Amino acid sequence: QVQLVESGGGLVQAGESLRLSCAASGRAFRSYGMGWFRQAPGKDREFGTAISWGGDSTLYADSVKGRFTVSRDNAKNMMSLQMNSLKPEDTAVYYCAASIIGWGAQIPRDYNYWGQGTQVTVSS
């Protein structure tokens, strides 16, 4: 089992950047495929990005491709999400998630563990 805690959310203006972190504790962080999802008010939770166990492979939703960069440091049990050129439509609660079945999954039910989320608000 792994416990996940997100941090780094906040209020920024359009065009600015923000960096989110996901700290993991528990068993073997390197054995989990990891992902970031987000959920805006009144909308379903949507996939943002995924990263493989060693961090050498990544996958991005079209809505964030070219602006967001995911990375992980298995030695520190950390995953990060660098978000550049933020837009008001990026406003949401951002969640990190861990999957035991593989990496690259894009639907929430394929992830076994979730953090509590961190709010990102982008003003226009």
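We use all heavy atoms of the structure for the numbers below, so side chains are in, but hydrogens, waters and symmetry mates are not. None of these values were measured; they are calculated from a predicted model.
A40 approaches A92 most closely through the heavy-atom pair N-CB, 3.8 Å. Here the closest non-hydrogen pair linking S124 and P88 is CB-CG, 3.8 Å.
F68 forms part of a hydrophobic cluster together with V2, L4, V12, L18, L20, F29, Y32, M34, W36, I51, Y60, V64, V70, M79, L81, M83, L86, Y94, I100, I101, Y113, V120, V122, judged by ILVMFWY side-chain heavy-atom separations under 4.5 Å.
Partners of S25 by side-chain hydrogen bond (donor to acceptor under 3.5 Å, both in side chains), not counting sequence neighbours, listed by chain and number: Q3. Take F37 and apply the ring-ring contact (aromatic ring centres under 6.0 Å, His included) test, not counting sequence neighbours, and it matches F47, Y111, W114. Residues that satisfy the side-chain hydrogen bond (donor to acceptor under 3.5 Å, both in side chains) test with T121, not counting sequence neighbours, are Q119.
No donor-acceptor pair closer than 3.5 Å links the side chain of S80 to the backbone N or O of S71.
Residues W103 and L59 form a side-chain contact, since some pair of their non-hydrogen atoms from C-beta on lies under 4.5 Å apart.
Sorted by first and then second residue, the salt bridge (Lys or Arg N to Asp or Glu O under 4.0 Å) pairs involving residues 73-102 (not counting sequence neighbours) are R38-D90, R67-D90. For residues 7-24, the set of pairs meeting the side-chain hydrogen bond (donor to acceptor under 3.5 Å, both in side chains) definition, not counting sequence neighbours, comprises S17-N84, R19-Q82.
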Q: Check the pair E46 / Q39 against side-chain contact (heavy atoms from CB on, under 4.5 Å), numbers first and verdict last.
A: CA-CA 6 Å; E46 68 171 6; Q39 188 166 19; over 6 Å; no

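For the atom pair E6 CD and T118 OG1, the distance stands at 7.0 Å (nearest 0.5 Å).
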